[in-house]
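What follows is a set of notes on a single structure, which appears directly below.
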Amino acid sequence: KEAVADYRAALTLSIEEDKALQGDLAHAQNLMRARELKDIGEELLKTDDYASALSNFRSALELDPGNRAIQDDEIMADKRKRALELKLSGLNAQERAGTRKDVQKRACDYADAIRDWEASMALDHLRGEFPGLIEQATRQEKAARLCDQGDHHMHSKQFHKAAELYRNALEFEPDNAEYKVKLDEAELREKVKDLRVQGEELMEHRDLDAASHCFAEALQLAPSNVAVQQDKAAAARLQQAQELQQEGEKHWARGNYEDA
């Protein structure tokens, strides 16, 4: 500013047009404006308005291309701008994951968020929230992948393995209501399956009372399970046939052949 004032004073005192002096004045004015733009950019950095700060630093460099301090400010603003964009991209991916019904796609969204935040942290390591965000998304991604594996085991009726995977998912996301519901369903269907297998084994050994009890207990857990309904009906028919056979044998022993 002092240089500009001096050059202007010199020009007012100069009798003839002094082009060199005018050039010096223009240069000093450019340097002064570049300093002003640099100061504005640094203030904008404090408010996280990196795009505006970057614009000011670039304008300043057009006026003072060799200024190393402004060059450093431009590099820093550009990194922070990209870091902020990646942070927001990661937050969007995390939010999108929370609305996914498909747990496999949900896991991919969490992986995208982690990738964005790791890249953002590499650009702006001074922001302290990234480690926490990455840790949370990592746990959510692991839980989603375990849930996806559990779903595959549910489809193949491997309920015990599915329940185990859902439990593991809940270790990473204890408050996830969806995983709790799936675990409850897997455990219920595992119990029904075990009761049905037990009942069928008892039927093979003609312990029909015990078999019917197993099927009845299974139906209490899953009243709409058609397979268990059929097993219970089959056990009842066999039980009735067994009772009729026993009555027939009694009549036969007494010589009541017609009743037998």
Side-chain angles (χ1 to χ4, degrees), residues 47-51 79-199 214 217-229:
T47 64
D48 293 346
D49 189 353
Y50 303 124
K79 284 185 175 181
R80 291 188 178 179
K81 176 177 176 289
R82 286 188 288 148
L84 180 60
E85 290 169 349
L86 287 165
K87 175 190 173 182
L88 295 176
S89 176
L91 290 172
N92 288 335
Q94 186 183 45
E95 183 179 359
R96 187 170 62 249
T99 64
R100 292 280 197 191
K101 296 296 182 184
D102 187 324
V103 287
Q104 188 175 33
K105 292 181 179 178
R106 185 186 309 166
C108 291
D109 285 335
Y110 287 130
D112 289 343
I114 293 167
R115 185 195 63 241
D116 286 342
W117 290 332
E118 286 177 341
S120 184
M121 185 167 61
L123 291 168
D124 188 7
H125 65 279
L126 296 179
R127 299 187 72 92
E129 74 265 36
F130 289 123
L133 289 171
I134 291 169
E135 181 182 1
Q136 181 189 32
T138 300
R139 295 177 68 85
Q140 290 171 321
E141 182 197 3
K142 289 179 179 178
R145 295 197 184 282
L146 287 165
C147 180
D148 182 50
Q149 294 175 32
D151 290 347
H152 286 295
H153 284 290
M154 283 291 286
H155 292 319
S156 59
K157 301 188 185 304
Q158 299 178 41
F159 305 124
H160 176 77
K161 184 61 178 177
E164 180 183 345
L165 288 161
Y166 293 142
R167 288 190 200 98
N168 292 340
L170 283 167
E171 290 179 5
F172 290 105
E173 265 199 281
D175 297 327
N176 191 300
E178 177 188 353
Y179 301 159
K180 290 178 181 178
V181 170
K182 289 187 174 185
L183 173 59
D184 290 343
E185 177 66 16
E187 289 178 336
L188 184 145
R189 295 181 70 175
E190 179 187 4
K191 179 65 174 175
V192 170
K193 181 181 178 180
D194 289 344
L195 285 167
R196 188 182 175 203
V197 170
Q198 184 180 352
C214 286
E217 186 178 350
L219 281 175
Q220 286 182 343
L221 297 173
S224 61
N225 190 305
V226 175
V228 181
Q229 292 173 355

For Ala113 and Gly90 the tightest heavy-atom approach is CB-O, 3.4 Å
If you apply the rule side-chain contact (heavy atoms from CB on, under 4.5 Å), what do you find for Gln94 with Trp117, and how did you get there? CA-CA 11 Å; Gln94 186 183 45; Trp117 290 332; 3.7 Å; yes
Between Lys87 and Asp116, does the side-chain contact (heavy atoms from CB on, under 4.5 Å) criterion hold? Intermediate values first, please. CA-CA 6 Å; Lys87 175 190 173 182; Asp116 286 342; over 6 Å; no
Would you say that more than 12 heavy atoms from the other residues, nucleotides or ligands in this model lie under 6.0 Å from the NZ of Lys142, or not? no
For Arg145, salt bridge (charged side-chain N to carboxylate O under 4.0 Å, His left out) partners two or more places apart: Glu141
CZ of Arg106 to SG of Cys147, rounded to nearest 0.5 Å, is 6.5 Å
Which heavy atom in Ala144 sits nearest to a heavy atom in Tyr179, and how many Å separate them? CA-OH, 3.4 Å
Quick one: side-chain hydrogen bond (donor to acceptor under 3.5 Å, both in side chains) partners of Thr99, sequence neighbours excluded? none
Considering all heavy atoms of both residues, which atom of Gly199 and which atom of Cys214 are nearest to each other, and what is their separation? CA-CB, 3.9 Å
For residues Phe159 and Met154, determine if any side-chain heavy atom of one lies less than 4.5 Å from a side-chain heavy atom of the other. yes
Minimum side-chain heavy-atom gap Lys191-Glu217 below 4.5 Å: yes
As an exercise, state the distance from CG of Leu86 to CZ of Arg115, rounded to the nearest 0.5 Å. 9.0 Å
Counting distance only, does the side-chain N/O of Asn92 pair as donor-acceptor with the main-chain N or O of Leu88 below 3.5 Å? yes
Those residues that, when tested against Asp109, pass side chain to side chain contact (heavy atoms under 4.5 Å, CB included) (two or more places apart): Arg96, Ala97, Arg100, Asp112
Mind checking the CZ-CG spacing from Phe172 to Leu170? Nearest 0.5 Å is all I need. 11.0 Å
Heavy-atom side-chain proximity of Leu84 to Lys81 below 4.5 angstrom: no
For Leu219, give me all partners under side chain to side chain contact (heavy atoms under 4.5 Å, CB included), at least two apart in sequence or on another chain. Val228, Gln229, Lys232
Residue pair Tyr50, Asp48: steps toward the side-chain hydrogen bond (donor to acceptor under 3.5 Å, both in side chains) verdict: CA-CA 5 Å; Tyr50 303 124; Asp48 293 346; 2.7 Å; yes
Kindly list each side-chain donor-acceptor pair under 3.5 angstrom involving residues 181-188, sequence neighbours excluded, with atom names and distances?
residue : atom : partner : partner atom : Å
Lys182  : NZ   : Asp151  : OD1          : 3.1
Lys182  : NZ   : Asp151  : OD2          : 2.9
Lys182  : NZ   : Glu178  : OE2          : 3.3
Glu187  : OE2  : Arg167  : NE           : 3.4
Glu187  : OE2  : Arg167  : NH2          : 3.0

List the residues meeting side chain to side chain contact (heavy atoms under 4.5 Å, CB included) with Glu118, not counting sequence neighbours, and say none if there are none. Ile114, Ile134
Working for side-chain contact (heavy atoms from CB on, under 4.5 Å), residues Gln140 and Glu173: CA-CA 6 Å; Gln140 290 171 321; Glu173 265 199 281; 3.7 Å; yes
Nearest 0.5 angstrom please: Gln104 CD to Cys108 SG, how far? 6.0 Å
dist Lys193:NZ -> Leu195:CG (nearest 0.5 Å) comes out at 12.5 Å
Check side chain to side chain contact (heavy atoms under 4.5 Å, CB included) between Lys101 and all other residues, then give those that pass, not counting sequence neighbours. none
List the residues meeting side-chain hydrogen bond (donor to acceptor under 3.5 Å, both in side chains) with Glu190, not counting sequence neighbours, and say none if there are none. His160
Between CZ on residue Arg82 and CG on residue Leu123, distance to nearest 0.5 Å: 5.0 Å
Quick one: side-chain hydrogen bond (donor to acceptor under 3.5 Å, both in side chains) partners of Glu164, sequence neighbours excluded? none
Take His152 and Gln158 through the test side-chain contact (heavy atoms from CB on, under 4.5 Å) and record every step on the way to the result. CA-CA 9 Å; His152 286 295; Gln158 299 178 41; over 6 Å; no
